[in-house]
There are 2 protein chains.
Amino acid sequence: MPHPLITYLQRRDSLSDEEKSVLERMTHRQETIAVRTPIVRQGSRPTQSCVLLQGIAFREHLLRSGKRMISAVHIAGDFLDLNGMLLAKMDHGVRAASNCIVAWIPHGEIIRLSETHPHLGRLLWMTTVTDAALTRAAVSVVGRLPPPAKLAHMACELYLRMSEVGLAKNWSFDLAITQLDLADMFGLSTVHLNRSMQTLRATNAISWDGSRVVIHDWRKLTDIGEFDPTYLNLEPKPR
Amino acid sequence: MPHPLITYLQRRDSLSDEEKSVLERMTHRQETIAVRTPIVRQGSRPTQSCVLLQGIAFREHLLRSGKRMISAVHIAGDFLDLNGMLLAKMDHGVRAASNCIVAWIPHGEIIRLSETHPHLGRLLWMTTVTDAALTRAAVSVVGRLPPPAKLAHMACELYLRMSEVGLAKNWSFDLAITQLDLADMFGLSTVHLNRSMQTLRATNAISWDGSRVVIHDWRKLTDIGEFDPTYLNLEPKPR
DNA sequence: CGCTTTATTGACCCGAATCAAGTAGAGTGG
DNA sequence: CCACTCTACTTGATTCGGGTCAATAAAGCG
């Protein structure tokens, strides 16, 4: 399988062979993480960042009241906490939603890279900016879409993102996320999330049982979820 | 008045005189923007970014259904669309909430700067990462805080951010944002926003009439808003 | 000083949380 | 291999938060 971070970046800009090999070398320190384990802890001060190579992870934020909000889902190829390099202290955590493989990169190495390979540095910058765009989209989804539309929007987003790195094809993909987590992703109760899921299924645009998601009618699904892929920043462009 | 972007960056890392003068020169192309005018349009492909030097602006996202969501408020010193440099097409717009002064910077100039002044480049990267942290906080606020807490959280955030650049002192500041905009910031109806505002006022932690915000009890306000300033990334650290 | 925009209030109703069970799988150990 | 347990999912009943509609008051502003 090709390196998912390289696949991700090449989709958006061209990489020289030198740059590709820098990335390969940079991601050799791999580690396996068990399902539901924290990968980065809220409140910590990390000295390295990591790239997700396999599995599903999500960012979670614990509030003082004990409530939890999940602000992003990550798939192979995503940097999980590159933000952490430029922030002092983690305002949120990252947790494995399935068994995962990550590659750790010390911050110093990334800073050096931004000096020696500025173009690659800008591409890493771009990954954080694209990530921010996903978070902005999450604000609109949480704040303004009716619950079944939230689920539809998420299915559309993940289908496109997973397709990019070869994890989705023929209108279907695997998504190891429980309804409990989905509820915390949209600010809903689990009961209501479950009912919204049933409403969405009843449209016949999609089937979503357990971790198997199959899209039957893309057009209808994007209409329900008011989905506009602009924010995924899928267009190639020199940066 | 000192340059707000320089103030903002110096708060988080030290700047050389050379870097300061690069920033000064970079922001000389200033423009005045009238209240409620779009500064950057959703769907456009900008070739320059801008820094807000005076006034209040916000990011807004228009959904297909016609609903609007505001995902961030910007004050003097904030880059308004540095993201736009690394994204192909704007997934959201930026609009002036008051009369504003902005400084335009062509993208080419920022890219050049990332090659000639990598440290400054990383600080600009940091501004986008801090901005992303604000957006993540917004997800939690919108998704999990009760309405009066949303307002309290926002008052805490803006008091600290405005203090940084000298726009707030003695527990009070001016905030030219209508209740209509506040409602779109939290995904509420204007009616309910108004009622939540009254509930918050009734706690006596704050008074908030029109654009004048006065904080009477910081501790109480942060408790109501479950406010944790970590995400504001206020700690100095070499980057 | 009229006119438009913003803030406020009341009545009504629906959507979503909460509480409380119950069901179905997936592992686990005897 | 089956009972046991744990977790995830599903359902029903009830309560309450928040939206919508409609009208009025109060500011700004030209």
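Labels below follow one simple rule: chain letters A, B, ... track the order of the sequence lines, proteins then strands, and each chain is numbered from 1.
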Over how many whole Å does the gap from [X] atom [atom1] to [N] atom [atom2] extend?
X        : N      : atom1 : atom2 : value
A/Trp208 : D/dA8  : CH2   : P     : 16 Å
A/Leu193 : C/dA17 : CG    : P     : 9 Å
B/Arg212 : D/dG28 : CZ    : P     : 14 Å

> Hey, what bend do you get for the helix from C/dC1-D/dG30 to C/dG30-D/dC1 if you fit axes on five pairs at each end, rounded to 10°?
Replying inline: 50°

Looking at [Y], is its backbone amide N or carbonyl O close enough to the side chain of [X] to form a donor-acceptor pair, meaning the two atoms are under 3.5 Å apart?
X        : Y        : result
B/Lys150 : B/Val142 : yes
B/Ser163 : B/Tyr159 : yes
B/Thr135 : B/Asp131 : yes
B/Arg41  : B/Gly93  : no
B/Arg11  : B/Glu164 : no
B/Lys89  : A/Asn233 : no
B/Gln42  : B/Leu62  : yes
B/Arg95  : B/Val40  : no

> Between residues 171-190 of chain A and DNA chain D, which residues have a heavy-atom gap below 4.0 Å?
Replying inline: A/Thr178, A/Gln179

>> Just to be sure I understand the geometry, which residues of residues 196-206 of chain B put a non-hydrogen atom under 4.0 Å away from DNA chain D?
In response: none

Could you pull out the protein-nucleic contacts involving nucleotides 12-17 of chain D (nitrogen or oxygen on both sides, under 3.5 Å)?
| residue | atom | partner | partner atom | Å |
| --- | --- | --- | --- | --- |
| D/dG12 | N7 | A/Arg195 | NH2 | 2.3 |
| D/dA13 | N6 | A/Arg195 | NH1 | 3.4 |

> Would you say the side chain of A/Ile206 lies within less than 4.5 Å of the side chain of A/Met197, judging by non-hydrogen atoms?
Replying inline: no

> Should A/Asp81 and A/Asn83 count as side-chain neighbours, where that means a heavy-atom distance under 4.5 Å?
Replying inline: no

> Has B/Asn194 got a side-chain N or O lying under 4.0 Å from the OP1 or OP2 atom of C/dT8?
Replying inline: yes

> Got a sec? Which of residues 61-73 of chain B come in under 4.0 Å of DNA chain C, heavy atoms?
Replying inline: none

> Are B/Arg12 and B/Tyr8 in a cation-pi contact, defined as NZ or CZ under 6.0 Å from the six-membered ring centre and within 45° of the axis?
Replying inline: yes

> Could you give the distance from OG1 (B/Thr27) to CZ (B/Phe79), rounded to the nearest 0.5 Å?
Replying inline: 8.5 Å

> Hey, is A/Arg68 close enough to A/Asp181 for a salt bridge, meaning N to O under 4.0 Å?
Replying inline: yes

> Is the shortest side-chain N to carboxylate O distance from B/Asp184 to B/Lys67 below 4.0 Å?
Replying inline: no

>> Under the rule for ring-ring contact (aromatic ring centres under 6.0 Å, His included), what residues qualify as partners of A/His153, not counting sequence neighbours?
In response: A/Phe227, A/Tyr231

